[in-house]
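Accompanying notes for the structure given below.
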Amino acid sequence: MSSPDPGRLSRPLTSDLRGWRRWLPGLQTARHYELAWLPRDILAGLVLTTMLVPVGIAYAVASGVPGIYGLYATIIPLVAYALFGPSRILVLGPDSSLAALILAVVLPLSAGDPARAIALAGVMAVVSGVACILAGVLRLGFITELLSKPIRYGYMNGIAFVVIVNQLPKLFGVSIDSAGPVRDLVQLGTSVLDGATSWTALGIGAATLAVILLLRPWRQIPGMLVAVVAATVAVGLFDLGGGAGVEVLGALPQGLPAFQVPWISLGDLGTVVIGGCTVALVAFADTSVLSRAYAARSRSYVDPNQEMVALGVANLAAGLFQGFPVSSSSSRTPVAEAAGARTQLTGVVGAAAVALMLLLAPDLLANLPTSALAAVVIASAIGLFEFADLRRIFRIQRWEFWLSMGCFAGVAVLGAIPGIGLAIVVAVIEFLWDGWRPHFAVLGRVNGIRGFHDIKRYPDARLVPGLVLFRWDAPLFFANAELFRERVLRAVAASPTPVRRLIVAAEPVTSVDVTSADMFAELGQTLREAGIELHLAEVKDPVKDKLKRFGLFESLGPAVFHPTVGAAVDDYLANHAVDWQP
């Protein structure tokens, strides 16, 4: 008999574990763990380690902190997520999508001081962790769904561009003062033209990047490991470090990360909090998408609120153990899956292997060139770009394509954090615009088709004499209340016959607020003064409950509410003795 899919273990979580234990899906996995899974989890963990080390170091350097802290930010979050994470396959750690955000805060505030840089990054991780935990406990996992796909593509493409620009100076072996992505490119071009390029460093970095990209289609070959090991061996073998112009990582400190509360000045706190909250949003957006994708593949269920809590705990732990913000990894997770991982024990094995390396062989990567690390980050950032789906969006909804391009330009020109802030503002405006200017229709009867339909789409539709059937395809709220009133009165004025009754087909109206309810009362009074009755059809029960709380249901009277549009029309025909055949 085949073993059950461990991905399914998250579904019975609430029934098997009560109270505080429901927040610890790892306990559920441990209770149902089968020994047959152990060899595959161990092997997958060791395979995963071959990526965890170079990637962790590379993303640390890309984030503006020393490479060793990338390994610290790898070990602790993997263990934390194994206990709190609902997904049985997801791998967490330093990620290219966060590097630009962290660097945007750390670089200007640290002033080149490594100790201050890791303190700033640590506080960002703590802020991100607390924000995610609170959002998860308050069941706000839907927040990232407010960012539409084109907007997500825009800011992720922008982040990928910023990451690549940040790494190009290291790839070319030159030093510049960062002043924003566009100006950095200008500085880089000037430095290259002035002959400041280290051609040896560039050759090593370019070769590393080429190997990674060329081997990417063959997942069974660890291209990143092959490239990094080859670059490290070449530097050591030909003594290219230091004097030859190739900057190397150097020996790593021996030992494990220690518990350490990061402290920063109050003057830096505002910027760091904004950066931490931005990191939380981006990290959870990435994590939720990846988590749902793997849940769908394993036909399992992952609670987005628990996912947010797990991500928060992992970031909080990273910040308190000399790490920096982490996210899910779309490059390391497939490696773990392809290697046969069955549960999060794979991540624990990977964390243990990295810890053993720090204890027993901290000099192993001393000759690793920073240009090769830059190539690792650039290769990962290239994978963040989305072009294919944007081409589809350009074909089917051009304004959303340009919306995505606007978000990309915001991140590329303004920088990662201001650009994402712009993307959030655009997302809110897009959300409000859809509700502010919704579709509406005057309805009539179309021969041969049941029901009542938009007369603009069916010009031959027959109107009921003296009746206006008006449909509003959105919730009613403060932003569109006056527009609703205006459109209704226009429809009444445009009627070819004197209007005796207006029926609002309210089935698409999913909500009302105080402003729109007051508008409705005023509209009813305006129509009564003109000798026109106001009726409603197909009002949803939750909306009707709100109308009762607002006092509108009683003021209009129960008789004006009809279960269907057809019933409302029949009531009008009977009450006004109108001879009209449906």
Side-chain angles (χ1 to χ4, degrees), residues 59 63-65 73 77 80 84 92 94-110 117-148 151-152 154-156 158-159 162-163 261-289 304-320 323-328 407 410-411 414-431:
Y59 292 161
S63 300
V65 299
F84 288 87
L92 259 65
D95 191 62
S96 56
S97 65
L98 303 184
L101 304 177
I102 301 168
L103 185 68
V105 173
V106 167
L107 188 63
L109 296 183
S110 64
I118 190 56
L120 291 164
V123 175
M124 284 185 72
V126 171
V127 170
S128 172
V130 172
C132 285
I133 292 172
L134 287 176
V137 171
L138 295 175
R139 309 193 70 78
L140 300 178
F142 66 89
I143 287 176
T144 57
E145 297 172 8
L146 299 178
L147 296 175
S148 67
I151 289 176
R152 288 204 306 269
Y155 79 69
M156 288 307 298
I159 286 176
V162 171
V163 168
V261 178
W263 294 102
I264 61 173
S265 66
L266 287 177
D268 296 336
L269 189 59
T271 303
V272 172
V273 168
I274 292 173
C277 291
T278 306
V279 161
L281 180 67
V282 173
F284 182 67
D286 288 351
T287 301
S288 62
V289 169
N305 297 298
Q306 178 62 37
E307 193 70 81
M308 190 170 262
V309 169
L311 179 64
V313 171
N315 271 286
L316 183 60
L320 295 177
F324 52 87
V326 299
S327 179
S328 62
C407 291
V411 176
L414 302 176
I417 292 179
I420 289 180
L422 176 63
I424 294 171
V425 171
V426 170
V428 173
I429 293 174
E430 181 189 21
F431 173 75

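Along the sequence shown, residues are numbered consecutively beginning with 1.
- Legend: residues meeting side-chain hydrogen bond (donor to acceptor under 3.5 Å, both in side chains) with S328, ordered by chain and number and at least two apart, are T287.
- Judged as a salt bridge (charged side-chain N to carboxylate O under 4.0 Å, His left out), not a single pair has a partner in residues 117-136 (not counting sequence neighbours).
- A100 approaches V163 most closely through the heavy-atom pair CB-CG2, 3.8 Å.
- A135 approaches M308 most closely through the heavy-atom pair CB-SD, 2.9 Å.
- Closest non-hydrogen pair, A119 versus P262, comes out as O-CB, 3.6 Å.
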Tabulate below the donor-acceptor pairs under 3.5 Å that side-chain atoms of residues 268-277 make, not counting sequence neighbours, or state none.
| residue | atom | partner | partner atom | Å |
| --- | --- | --- | --- | --- |
| D268 | OD2 | R116 | NH2 | 2.7 |
| D268 | OD2 | S265 | OG | 3.1 |

- Task: Before giving the answer on side-chain contact (heavy atoms from CB on, under 4.5 Å), spell out for V282 and Y155 the whole-Å C-alpha distance, their side-chain angles and the decisive distance to 0.1 Å.
- Result: CA-CA 9 Å; V282 173; Y155 79 69; 4.1 Å; yes

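- Sorted by first and then second residue, the salt bridge (charged side-chain N to carboxylate O under 4.0 Å, His left out) pairs involving residues 274-283 (not counting sequence neighbours) form an empty list.
- Closest approach of G419 to L414, counting heavy atoms only: N-CB, 4.3 Å.
- Summarising the geometry, atom OH belonging to Y59 is positioned 10.0 Å from atom CG belonging to L98; distances are rounded to the nearest 0.5 Å.
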Would you be so kind as to tabulate the donor-acceptor pairs closer than 3.5 Å made by side chains of residues 310-320, with sequence neighbours excluded?
| residue | atom | partner | partner atom | Å |
| --- | --- | --- | --- | --- |
| N315 | OD1 | V326 | N | 2.8 |
| N315 | ND2 | L311 | O | 3.0 |
| N315 | ND2 | V326 | O | 3.2 |

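- Between the side chains of D286 and S327, no donor N or O sits under 3.5 Å from an acceptor N or O.
- When all heavy atoms of V279 and M124 are compared, the closest pair comes out as CG2-CE, 3.7 Å.
- Every pair tested for salt bridge (charged side-chain N to carboxylate O under 4.0 Å, His left out) that includes a residue from residues 414-429 fails, sequence neighbours excluded, so the list is empty.
- Rounding to the nearest 0.5 angstrom, the gap separating the CD1 atom in I133 from the OG atom in S128 is 9.5 Å.
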- Task: Determine, stepwise, if the pair M156 / I159 fulfils side-chain contact (heavy atoms from CB on, under 4.5 Å).
- Result: CA-CA 5 Å; M156 288 307 298; I159 286 176; 4.3 Å; yes

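- Considering every non-hydrogen atom in both P325 and I102, the closest pair reads CD-CD1, 3.8 Å.
- Scored by the side chain to side chain contact (heavy atoms under 4.5 Å, CB included) test, A131 finds A280 as partners (sequence neighbours excluded).
- For A104, the side chain to side chain contact (heavy atoms under 4.5 Å, CB included) partners two or more places apart in sequence, or in a different chain, are I417.
- Of the possible donor and acceptor atoms, one in the side chain of N305 sits under 3.5 Å from a partner among the backbone N and O of L140.
- Panel note: side chain Q306, backbone G136; no donor-acceptor pair is recorded below 3.5 Å.
- Within the structure, salt bridge (charged side-chain N to carboxylate O under 4.0 Å, His left out) pairs that include any residue of residues 117-131 do not occur (at least two apart or interchain).
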